[in-house]
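Only one structure is covered here, and it is reproduced in the block below.
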Amino acid sequence: QVRLVESGGGLVQAGGSLRLSCAASGRAFSRYVMGWFRQAPGKERDFVAAISWSGISTTYADSVKGRFTISRDNAKNMVYLQMNSLKPEDTAVYYCAADRDSNSGLSSYPPRYEYWGQGTQVTVSS
C-alpha cells in the first residue's frame, strides 16, 4: 500500500514557476513508476509526466514538454514536478500517482496507476 500526499501548489502569474512535491509512504516506493496528472474544471484527468523507478527514463505530455521536469529521490520517497513558464491553461488540480507495474514502461493512461494523492491546486493568472 502506498499513500501519496502532494504539496507546493498555489497561485502564480503567467511566466512564473512552481515546484510540486509528492511525499510517498511505503517501502516499495522505489520500485514504482510515478506519474503526475492534472484535471481542470469540467475536463478529464490528463497525463502530465511520468518517471521510471530508477529515474533514468521520463516522458511528458506535448503540452508541457520543455517547460516541466519530473524527478524523484528514492532515498526520501519523494517525487517532484518543476513547472516553469507557466501558462493560464496549466491551471488545474495536480495529482501524483503510483504504478506498481515497473516492467511495462511509462504509461500516460490513468487506470494503470493504482494509487493516487488528493491533489494540489495550481492556478496561473494571466
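The side-chain hydrogen bond (donor to acceptor under 3.5 Å, both in side chains) test applied to R31 returns no partner, not counting sequence neighbours. Residues satisfying the ring pair (Phe, Tyr, Trp, His ring centres under 6.0 Å) test with W53, not counting sequence neighbours, are none. By the ring pair (Phe, Tyr, Trp, His ring centres under 6.0 Å) test, Y60 is found to be paired with no residue, residues two or more places apart in sequence or in another chain being considered. Partners of S30 under the side chain to side chain contact (heavy atoms under 4.5 Å, CB included) rule, at least two apart in sequence or in another chain, are N74. Residues passing the side chain to side chain contact (heavy atoms under 4.5 Å, CB included) test with E89 are K87, sequence neighbours excluded.
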>> What verdict does the side-chain contact (heavy atoms from CB on, under 4.5 Å) test give for M78 and S21, after you've listed the backbone C-alpha separation in whole Å, the side-chain angles of each residue and the deciding distance to 0.1 Å?
In response: CA-CA 7 Å; M78 296 291 294; S21 299; 3.7 Å; yes
> Going through the checks in order, is the side-chain contact (heavy atoms from CB on, under 4.5 Å) test met by R100 and Y115?
Replying inline: CA-CA 9 Å; R100 292 181 297 177; Y115 304 107; 3.8 Å; yes
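In plain terms, the two heavy atoms of T120 and L20 that are nearest each other are CG2-CD2, 4.0 Å. The heavy-atom pair separating S126 from A14 by the smallest distance is CA-CB, 4.4 Å. The heavy-atom pair separating I51 from S71 by the smallest distance is CD1-CA, 3.6 Å. Here the closest non-hydrogen pair linking Y109 and S107 is N-OG, 3.0 Å. Annotation for M34 and C96: closest pair CE-SG, 3.6 Å, computed over non-hydrogen atoms.
Just one residue in the list E6, R38, Q39 forms a side-chain hydrogen bond (donor to acceptor under 3.5 Å, both in side chains) with Y94, and that residue is R38.
Using a 4.5 Å heavy-atom threshold, the side chains of V48 and L81 count as touching. A heavy-atom distance below 4.5 Å is not found between the side chains of D101 and Y32.
With rounding to the nearest 0.5 Å, the separation of CD in Q118 from OG in S7 is 13.5 Å. Here the CD-OG distance, from Q13 to S125, works out to 5.0 Å after rounding to the nearest 0.5 Å. Here the straight-line distance linking atom CZ of R72 with atom OG of S54 works out to 8.0 Å at 0.5 Å rounding. Between the CG atom in N103 and the OG atom in S52 there is a gap of 11.5 Å [rounded to 0.5 Å]. To the nearest 0.5 Å, the span separating CD1 on I70 from OG on S57 amounts to 11.5 Å. The CG atom of D90 sits 10.0 Å away from atom CG of L18, with the distance rounded to the nearest 0.5 Å.
Within a 6.0 Å sphere centred on NZ of K43, heavy atoms belonging to other residues, nucleotides or ligands number 12 at most. By the neighbour-count criterion of 12 heavy atoms within 6.0 Å, atom CD of Q82 is densely surrounded, having more than that number from other residues, nucleotides or ligands.
Linking Ile, Leu, Val, Met, Phe, Trp and Tyr whenever their side-chain heavy atoms come within less than 4.5 Å leaves V2 and Y80 in two separate clusters.
Ion pairing of R112 with D99 is present here, as a side-chain N (NZ or NE/NH1/NH2) and a carboxylate O approach within less than 4.0 Å.
A donor-acceptor pair under 3.5 Å is formed between the side chain of N77 and the backbone N or O of A24. A donor-acceptor pair under 3.5 Å is formed between the side chain of T91 and the backbone N or O of P88.
Residues F37, F47, V93, Y95, L106, Y113, W116 make up the rest of the hydrophobic cluster containing V33, defined by ILVMFWY side-chain heavy atoms closer than 4.5 Å, directly or through other members.
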